[in-house]
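Computed from heavy atoms alone, side chains included, the values below leave out hydrogens, waters and symmetry copies. Source: prediction; values computed, not measured. This chain uses plain numbering: 1 for the first residue, then up along the sequence.
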Amino acid sequence: MTAADTTVNESRERLLDTAQHLFHQRGFKAVTMQQIARELGVKQASLYYHVPDGKEQLFVEVTTRSFEQHRQGLQAAIDSVGPGFAEQLAAAARWFASQPPISLMGMVYADMPALSDRNTQRLEGVAYRCLFEPIATMFREASMRGEICPMHPDLLAGSFLALMDGITYASSNQQASPPRAAMGEAIVSLLLDGLRPRAENNGAMTYALSEN
């Protein structure tokens with residue numbers, strides 16, 4: 001690789017990093033190429049060397065890269081704790097709590113409608129492969145081992161991701177909310193044990209939320 005190639009790659013990475021920060025902070029529609037150029041301290045026209053098709057191409061590349069980073073980290077977290085479902089679920093929750101929020105719902109309802117059908121379908125496929133598939137596989141394999149009851153793994157994966165996404169909203173919009181890691185632990189406990197308190201080891205029952 002020549003020095004010129006290295007410079008181009010470094011410029012591209014700076015562009016992707018800056019755009020990712022701005023898109024995440026403000027959303028696709030609110031960010032302009034002019035703002036990105038200003039943040040980088042370059043002329044707007046120079047951005048089109050890296051993304052000839054403009055802002056939408058840049059958003060797709062940035063989001064694809066972000067999802068792929070999540071996939072690698074998420075899979076590594078799950079693999080690091082062995083085959084036990086409870087441990088894998090807790091590791092996945094810790095991973096999401098340790099990362100900048102994805103805001104999947106905001107992306108679905110605010111960003112996706114502004115994209116072309118082709119790019120929407122592309123990002124939906126990337127999101128499934130990088131986020132849904134590792135979680136769905138975890139649920140599917142746990143069911144096959146008899147650790148959890150049979151249920152559609154995509155439904156379970158979607159529910160888990162929605163709960164993780166909800167942590168983002170709660171942590172940023174509720175005063176004195178617990179740390180994201182603590183909320184993640186609570187969600188894991190909810191999924192593993194449900195809302196009804198279990199019997200104590202000594203046989204004494206605690207109060208239940210319902211008698212049914």
hydrophobic_cluster_shared for [Y] and [X], side chain cutoff 4.5 Å:
X	Y	value
Leu115	Met33	yes
Leu163	Met183	yes
Met144	Ile78	no

To the nearest 0.5 angstrom, please state how far the [atom1] atom of [X] sits from the [atom2] atom of [Y].
X	Y	atom1	atom2	result
His24	Leu22	NE2	CG	11.0 Å
His70	Leu131	NE2	CG	7.0 Å
Thr32	Gln44	OG1	CD	7.0 Å
Leu74	Gln72	CG	CD	11.0 Å
Leu16	His21	CG	NE2	14.5 Å
Ile135	Gln88	CD1	CD	9.5 Å

State which residues pass side chain to side chain donor-acceptor pair (under 3.5 Å) with Arg129; sequence neighbours excluded, sorted by chain then number.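 With sequence neighbours excluded, Arg129 shows a side chain to side chain donor-acceptor pair (under 3.5 Å) to Glu68, given in chain and number order.
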Going by side chain to side chain donor-acceptor pair (under 3.5 Å), name the residues that satisfy it together with Tyr49, two or more places apart in sequence or in a different chain.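 For Tyr49 there are no side chain to side chain donor-acceptor pair (under 3.5 Å) partners, ignoring immediate neighbours.
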Which heavy atom of [X] sits nearest a heavy atom of [Y], and at what distance?
X	Y	value
Ala77	Trp95	CB-CB, 4.1 Å
Pro178	Ala182	CB-CB, 4.2 Å
Val188	Ala93	CG2-CB, 3.6 Å

List the steps and the verdict of side chain to side chain contact (heavy atoms under 4.5 Å, CB included) for Phe23 and Ile36. CA-CA 10 Å; Phe23 283 138; Ile36 296 171; 4.3 Å; yes
Show every salt bridge (charged side-chain N to carboxylate O under 4.0 Å, His left out) that has at least one partner inside residues 52-66, sequence neighbours left out.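 Counting only pairs at least two positions apart or across chains, the salt bridge (charged side-chain N to carboxylate O under 4.0 Å, His left out) contacts touching residues 52-66 are Arg12-Glu61, Glu13-Arg65, Asp17-Arg65.
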With salt bridge (charged side-chain N to carboxylate O under 4.0 Å, His left out) as the rule and sequence neighbours excluded, what pairs involving residues 21-45 come up? none
Are more than 12 heavy atoms from other residues, nucleotides or ligands located less than 6.0 Å from atom CD of Gln34?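 No, the 6.0 Å shell around CD holds no more than 12 heavy atoms from other groups.
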Are any side-chain N or O atoms of [X] and backbone N or O atoms of [Y], one a donor and one an acceptor, separated by less than 3.5 Å?
X	Y	result
Ser66	Val62	no
Asp165	Met105	yes
Thr64	Val60	yes
Arg180	Gln99	yes

Please set out all donor-acceptor pairs under 3.5 angstrom arising from side-chain atoms of residues 120-127, sequence neighbours excluded.
from, atom 1, to, atom 2, distance (Å)
Thr120, OG1, Met112, O, 3.3
Thr120, OG1, Ser116, O, 3.0

Check: Leu58 and Leu47 side chains under 4.5 Å, non-hydrogen atoms: no
N/O donor to acceptor pairs below 3.5 angstrom from side-chain atoms of residues 145-160, sequence neighbours left out:
from, atom 1, to, atom 2, distance (Å)
Arg145, NE, Glu147, OE2, 2.4
Arg145, NH2, Pro83, O, 2.5
Arg145, NH2, Glu147, OE2, 2.7
Glu147, OE1, Phe85, N, 3.0
His152, ND1, Asp154, N, 3.1
Asp154, OD1, Tyr128, OH, 3.1
Asp154, OD2, Tyr128, OH, 3.4
Ser159, OG, Leu155, O, 2.9

